[in-house]
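Shown next, in structure tokens, is the structure this report addresses.
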Amino acid sequence: MKKTCITFLTLAIIFLTAFGMGFFTTNQKTEYLRIHIRANSNLEVDQSVKLLVKNSVVEFMTPKIAECSTKSDAERVIKENISLIEAVCDRVLETKGFCYRSKAKLTAEEFPTRAYGDVVLESGYYDALIIELGDGKGDNWWCVVYPPLCFVGEGGGYVYQSKILNVIREFFKDK
């Protein structure tokens with residue numbers, strides 16, 4: 001009984017400390033690195049190619065981002081590969097017969113509130129890899145690069161999950 005109380009108090013202190021530091025809140029927007037792919041237009045053909053580009057970018061970036069242990073690592077990897085990311089996008093566009101190209105950059109951008117499974121990111125400015133296809137005036141697709149909520153491969157597909165959330169769940173699984 002005494003051991004259980006001590007364990008409970010220790011966990012309570014850890015949680016209170018973590019919440020006090022903002023670890024579990026989305027106020028620490030700087031700890032997230034998002035990706036935003038904007039279609040050329042809202043025409044069905046532009047929206048369709050946007051999703052093909054997304055699939056190719058995710059496939060290209062997944063093994064690189066999977067090795068990152070911090071947001072700065074992820075930013076460094078993206079900066080080192082920015083021209084290759086554009087080449088991946090442009091290859092899809094060219095293969096599908098589009099005359100426009102892509103432009104990728106790493107910058108801060110405003111995002112609306114978005115839920116990724118159990119994780120909710122409040123609206124606000126986040127650092128992001130922005131990929132514009134052509135004029136970039138169409139609807140867009142976005143996700144979180146770091147921590148990887150959409151860049152985790154499983155069985156040939158991609159699942160939305162967070163490494164941090166998995167660590168927390170694993171920690172409390174036996175408690």
### Task
Step by step, work out the salt bridge (charged side-chain N to carboxylate O under 4.0 Å, His left out) result for K71 and E75.
CA-CA 6 Å; K71 180 187 166 204; E75 289 174 324; 3.6 Å; yes
### Summary
Shortest non-hydrogen pair, V57 vs V88, comes out as N-CG1, 4.0 Å
### Query
Which pair of non-hydrogen atoms, one from L129 and one from A104, has the smallest distance, and what is that distance?
CD1-CB, 4.2 Å
### Message
Checking side-chain contact (heavy atoms from CB on, under 4.5 Å) between I130 and each of T107, N140, I35, I37, which is the one that passes?
### Response
T107
### Query
Does E132 come within less than 4.0 Å of R38, counting only side-chain N to carboxylate O?
yes
### Query
Are any of the side-chain heavy atoms of S102 and V53 separated by less than 4.5 Å?
no
### Side-chain touch Q47/K50, heavy atoms, less than 4.5 angstrom
yes
### Query
Which pairs, with at least one residue in residues 73-94 and sequence neighbours excluded, count as a ring pair (Phe, Tyr, Trp, His ring centres under 6.0 Å)?
none
### Message
Quick test of your reading: applying ring pair (Phe, Tyr, Trp, His ring centres under 6.0 Å), list the pairs with at least one residue in residues 76-106, sequence neighbours left out, ordered by first then second residue.
### Response
F98-Y100
Does [X] use its side chain to pair, donor to acceptor, with the backbone of [Y] at less than 3.5 Å?
X: N42; Y: G138; answer: no
X: E109; Y: Y126; answer: no
X: D135; Y: N40; answer: no

### Summary
salt bridge (Lys or Arg N to Asp or Glu O under 4.0 Å) filter on K137, not counting sequence neighbours, yields none
### Task
Mind checking salt bridge (Lys or Arg N to Asp or Glu O under 4.0 Å) for E44 and listing every partner two or more places apart, or none if nothing turns up?
none
### Message
To the nearest 0.5 Å, what is the distance between CD on E31 and OG on S72?
### Response
8.0 Å
### Partner residues of A74 under the side chain to side chain contact (heavy atoms under 4.5 Å, CB included) criterion, sequence neighbours left out
L33, I65, C68, Y146
### Residues which pass side chain to side chain donor-acceptor pair (under 3.5 Å) with E86, listed by chain and number, not counting sequence neighbours
none
